[in-house]
Amino acid sequence: MNGSIPDSSLFKKQGSEVGVSTTLWQTREDEICILRDRETEGLISIRVGFLRSLGFGIVRTALVGNLNHCDVFGQFSSSNRKAIRDEAKWVKYPDSYAGVQVMLESR
C-alpha cells in the first residue's frame, strides 16, 4: 500500500495460480466470508465491468464456505495492474494503516 492507494503488485498472479482469486461481493455475508481468518487485512472492491473492459474474464469457482468465489483470467500486464489499482476502492483498510483510515474518512 502506497499511502491510500493499493499497491499494483496486489493484482497479479501468485506462483502457479491459473487466475487471480477473488469473490463477487453481493451481500454483507460475502464481506464476512472474504475477511474470515483475515480480519486484520484490508479489503478493496473493483467493478466487474471495469475488469471486463480491460479484457479480463471472470469465472465462478465456488468454494466450500464461499459460493461467490471467482477466478479472474487475462493479461496482468503492468499497465493493466496500474489501471486496476487506480480503479480500486477501499472497503476496509488494513489494521496496520489505521492512521490512513482516520485521515481519509475525515474528508
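Predicted, not measured: the structure shown is a model, and the values here were computed from it.
Listed here is the closest heavy atom pair of L54 and A83: CD1-CB, 4.2 Å. Across every non-hydrogen atom of G42 and W90, the tightest pair is CA-CZ3, 4.0 Å.
Ion pairing of K89 with D86 is absent here, as no side-chain N (NZ or NE/NH1/NH2) approaches a carboxylate O to less than 4.0 Å.
Here the OG1-CG distance, from T22 to L51, works out to 7.5 Å after rounding to the nearest 0.5 Å.
Following chains of ILVMFWY side-chain contacts shorter than 4.5 Å, one can reach V72 starting from I44, so the two form part of one hydrophobic cluster. Residues L24 and I34 do not share a hydrophobic cluster, defined by chaining ILVMFWY side chains whose heavy atoms lie under 4.5 Å apart.
A donor-acceptor pair under 3.5 Å links the side-chain atoms of N80 to the main chain of Q75, judged by distance alone. Under the 3.5 Å distance criterion, the side-chain polar atoms of K92 are matched with a main-chain donor or acceptor of E39. Checked by atom type and distance alone, the side chain of H69 pairs as donor or acceptor with a backbone atom of T61 at under 3.5 Å. Panel note: side chain R81, backbone F76; a donor-acceptor pair is recorded below 3.5 Å.
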Inset, instruction - Verify side chain to side chain contact (heavy atoms under 4.5 Å, CB included) between V59 and F73, making sure each step is shown before the conclusion. - result: CA-CA 8 Å; V59 178; F73 298 94; 3.7 Å; yes

Legend entry - Evaluation steps, side chain to side chain contact (heavy atoms under 4.5 Å, CB included), between L43 and Y93: CA-CA 6 Å; L43 177 63; Y93 291 91; over 6 Å; no

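Residues F50 and F56 place their aromatic rings such that the two centres sit no closer than 6.0 Å.
In this structure, E41 and P94 have side chains that are not in contact, with every pair of non-hydrogen atoms separated by 4.5 Å or more. Inter-residue side-chain proximity for V64 and N66 is flagged as unmet; no heavy-atom pair is nearer than 4.5 Å.
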